[in-house]
Amino acid sequence: MQPILETIEERYKRLKINDDIYATDVYVTADTGFACEDNMEYLHTNNINGYVPDNQFRSRDPKFDKQKEKHKRPSRSKNGSKSQFPASKFNYDPIEQSCECPAGKQL
């Protein structure tokens, strides 16, 4: 996160938009992928008003209780893999630019 925020700050200075963008009423937001001690410390140390949810926030928020039901993952076979044919089972014809599936149908 630090290099991103520093690049933004430098760009604002260079373009003469704002000499200290983070001293204004700017809110920095980021997704859970940026949630770590180092990033939180950087925001705090530099007095940047930032909001980064931790990657467990959905488990604590009752608004997300039914999310898993609503967005179910596709079912998997008993061995844990998706029931798909591997690419090696398809026959590609480079001259005709076509492919034949394991069931013998042209794609």
Side-chain angles (χ1 to χ4, degrees):
M1 177 184 283
Q2 182 176 346
I4 295 168
L5 295 178
E6 288 174 352
T7 300
I8 292 169
E9 185 174 38
E10 289 167 11
R11 184 170 294 149
Y12 270 67
K13 285 179 183 178
R14 186 180 71 241
L15 296 173
K16 297 182 175 140
I17 296 171
N18 193 311
D19 285 337
D20 191 3
I21 187 65
Y22 302 121
T24 65
D25 290 334
V26 167
Y27 294 93
V28 173
T29 60
D31 66 18
T32 57
F34 287 96
C36 71
E37 293 274 337
D38 289 342
N39 286 337
M40 298 304 115
E41 182 65 30
Y42 177 77
L43 291 173
H44 179 74
T45 302
N46 292 284
N47 294 317
I48 297 173
N49 196 4
Y51 296 90
V52 185
D54 66 272
N55 53 7
Q56 298 299 316
F57 82 98
R58 290 175 194 258
S59 64
R60 294 186 306 273
D61 191 333
K63 290 182 262 181
F64 293 97
D65 283 348
K66 296 185 180 184
Q67 183 180 18
K68 286 186 180 178
E69 290 175 26
K70 185 177 178 183
H71 302 284
K72 289 183 181 178
R73 291 185 177 198
S75 61
R76 297 186 176 262
S77 65
K78 290 180 184 177
N79 66 5
S81 65
K82 292 181 181 178
S83 55
Q84 296 178 347
F85 293 106
S88 61
K89 297 289 181 185
F90 291 78
N91 296 317
Y92 177 66
D93 182 347
I95 296 170
E96 293 294 320
Q97 297 275 316
S98 68
C99 194
E100 185 180 293
C101 76
K105 298 198 180 202
Q106 293 295 314
L107 305 175

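For the numbers below, each heavy atom of this structure counts, side chains included, while hydrogens, waters and symmetry mates do not. Numbers here are sequence positions counted from 1.
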Enquirer: Output all residues satisfying ring-ring contact (aromatic ring centres under 6.0 Å, His included) with Phe64, sequence neighbours left out; order by chain, then residue number.
Expert: Phe57
Enquirer: Going by the rule side chain to side chain contact (heavy atoms under 4.5 Å, CB included), which residues pair with Thr24 if we only count those two or more places apart in sequence or in a different chain?
Expert: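 With neighbours one apart ignored, the set is Asn18, Ile21, Val26.
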Enquirer: Shortest non-hydrogen contact from Met40 to Phe34?
Expert: CE-O, 4.1 Å
Enquirer: Report the C-alpha separation of Glu10 and Lys13 in whole Å, then their side-chain angles, then the decisive distance to 0.1 Å, and conclude whether the side-chain contact (heavy atoms from CB on, under 4.5 Å) test is met.
Expert: CA-CA 5 Å; Glu10 289 167 11; Lys13 285 179 183 178; 5.7 Å; no
Enquirer: Can you pull the salt bridge (Lys or Arg N to Asp or Glu O under 4.0 Å) pairs that have at least one residue in residues 42-56, sequence neighbours excluded?
Expert: Asp54-Arg60
Enquirer: Can you give me the closest heavy-atom contact between Ala30 and Pro53, atom names plus distance?
Expert: O-CD, 3.2 Å
Enquirer: Give the C-alpha distance, both sets of side-chain angles, the deciding distance and a yes or no for side-chain contact (heavy atoms from CB on, under 4.5 Å) between Gln97 and Tyr92.
Expert: CA-CA 7 Å; Gln97 297 275 316; Tyr92 177 66; 3.5 Å; yes
Enquirer: Enumerate the salt bridge (Lys or Arg N to Asp or Glu O under 4.0 Å) contacts for residues 19-29, please, sequence neighbours excluded, ordered by first and then second residue.
Expert: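 Residue pairs passing salt bridge (Lys or Arg N to Asp or Glu O under 4.0 Å), neighbours aside: none found.
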Enquirer: For the hydrophobic clusters of this structure (ILVMFWY residues joined by side-chain heavy atoms under 4.5 Å, transitively), does one cluster hold both Tyr27 and Ile48?
Expert: no
Enquirer: To the closest 0.5 Å, what do you measure between CZ (Phe90) and NZ (Lys105)?
Expert: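 Going from CZ on Phe90 over to NZ on Lys105, the span is 12.5 Å.
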Enquirer: Restricting to pairs with a member in residues 31-46, which pass side chain to side chain donor-acceptor pair (under 3.5 Å), not counting sequence neighbours?
Expert: Glu41-Thr45
Enquirer: Taking side chain to side chain contact (heavy atoms under 4.5 Å, CB included) as the definition, give me every residue that meets it alongside Ile17, ordered by chain and number, with sequence neighbours left out.
Expert: Tyr12, Leu15
Enquirer: Working to the nearest 0.5 Å, report the span between SG of Cys99 and CG of Asp93.
Expert: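 Result: 9.5 Å between the selected atoms.
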